[in-house]
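Data block below; observations after.
Just so we're clear, the structure is a prediction, and the values are computed from it rather than from any experiment.
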Amino acid sequence: AHEQFKASLKTAEDDFNQLAALDKQIKSFNVGPNPYTWFTMEALEDTWRNLQKIIKERDEELNREHQRQEENDMLRKRFAQAANQFHQWLTETRSAMMEGSGTLD
């Protein structure tokens, strides 16, 4: 899902660049701020930078979680191997004890 989101950012980045170009063109006409919106190019740039920062942080979090999962999987496999060896030893020891002859005295 995160990769799909990142892929969709290309369209958003194109839209953002178009807005920047329009803002530059409007400012070249020496007009005042738009009274019908609180959005300014500076606010949009701050939001875009913040979004880029958040995406980078999310990528780092996902990479850390992936590494943690890999380490957990390795530990799971090591535990399963040790448990299988113990089970084999326990089965062999039980069989040897059952086959043993003699008295308990």
Next on the checklist: Run the side chain to side chain contact (heavy atoms under 4.5 Å, CB included) test against Thr37 and tell me which residues pass, sequence neighbours left out.
Outcome noted: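 Here the qualifying residues are Asn34, Phe39.
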Next on the checklist: The criterion is side chain to side chain contact (heavy atoms under 4.5 Å, CB included); which residues satisfy it with Asp59, sequence neighbours excluded?
Outcome noted: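 Scan of Asp59 (side chain to side chain contact (heavy atoms under 4.5 Å, CB included), adjacent residues dropped) gives His2, Lys6, Ile55.
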Gap between atom [atom2] of [Y] and atom [atom1] of [X] - 0.5 Å precision:
{"X": "Met41", "Y": "Lys27", "atom1": "CE", "atom2": "NZ", "answer": "8.0 Å"}
{"X": "Gln67", "Y": "Glu71", "atom1": "CD", "atom2": "CD", "answer": "4.5 Å"}
{"X": "Arg94", "Y": "Glu99", "atom1": "CZ", "atom2": "CD", "answer": "11.0 Å"}
{"X": "Gln85", "Y": "Leu90", "atom1": "CD", "atom2": "CG", "answer": "13.5 Å"}

Can you list everything that forms a salt bridge (Lys or Arg N to Asp or Glu O under 4.0 Å) with [X]? Sequence neighbours excluded, please.
{"X": "Arg76", "value": "Asp73"}
{"X": "Glu65", "value": "Arg68"}
{"X": "Arg64", "value": "none"}

Checklist entry - Does CZ in Arg49 sit with more than 12 non-hydrogen atoms of other residues, nucleotides or ligands closer than 6.0 Å? => result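 Above 12, so yes.
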Checklist entry - Would you find more than 12 non-hydrogen atoms of other residues, nucleotides or ligands less than 6.0 Å from Glu57 atom CD? => result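 Atom CD in Glu57 is crowded, with more than 12 foreign heavy atoms closer than 6.0 Å.
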Please output the side-chain donor-acceptor pairs of residues 9-19 that fall under 3.5 Å, not counting sequence neighbours, one pair per line with the distance.
| from | atom 1 | to | atom 2 | distance (Å) |
| --- | --- | --- | --- | --- |
| Lys10 | NZ | Asp14 | OD1 | 3.3 |
| Asn17 | ND2 | Glu13 | O | 3.3 |

Next on the checklist: I'd like to know if Leu51 and Leu62 are part of one continuous hydrophobic network [Ile/Leu/Val/Met/Phe/Trp/Tyr, side-chain heavy atoms within less than 4.5 Å].
Outcome noted: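 The answer is no; the residues belong to distinct hydrophobic clusters.
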Item to check | ring-ring contact (aromatic ring centres under 6.0 Å, His included) partners of residues 59-79, not counting sequence neighbours, each pair once | outcome: none
Checklist entry - Do Asn63 and Glu60 come within less than 4.5 Å of each other through their side chains, counting heavy atoms only? => result no
Apart from [X] itself, what residues make up its hydrophobic cluster when side-chain heavy atoms of I, L, V, M, F, W and Y under 4.5 Å apart count as a link, directly or indirectly?
{"X": "Leu75", "result": "none"}
{"X": "Ile26", "result": "Phe29, Val31"}
{"X": "Ile54", "result": "none"}

Next on the checklist: Just to verify, what does Trp38 make a ring-ring contact (aromatic ring centres under 6.0 Å, His included) with, not counting sequence neighbours?
Outcome noted: none
Next on the checklist: Phe86: which residues meet the ring-ring contact (aromatic ring centres under 6.0 Å, His included) condition with it, sequence neighbours left out?
Outcome noted: Trp89
Item to check | Side-chain donor or acceptor of Asn50 paired with backbone N/O of Asp46 under 3.5 Å | outcome: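 It does not hold such a pair.
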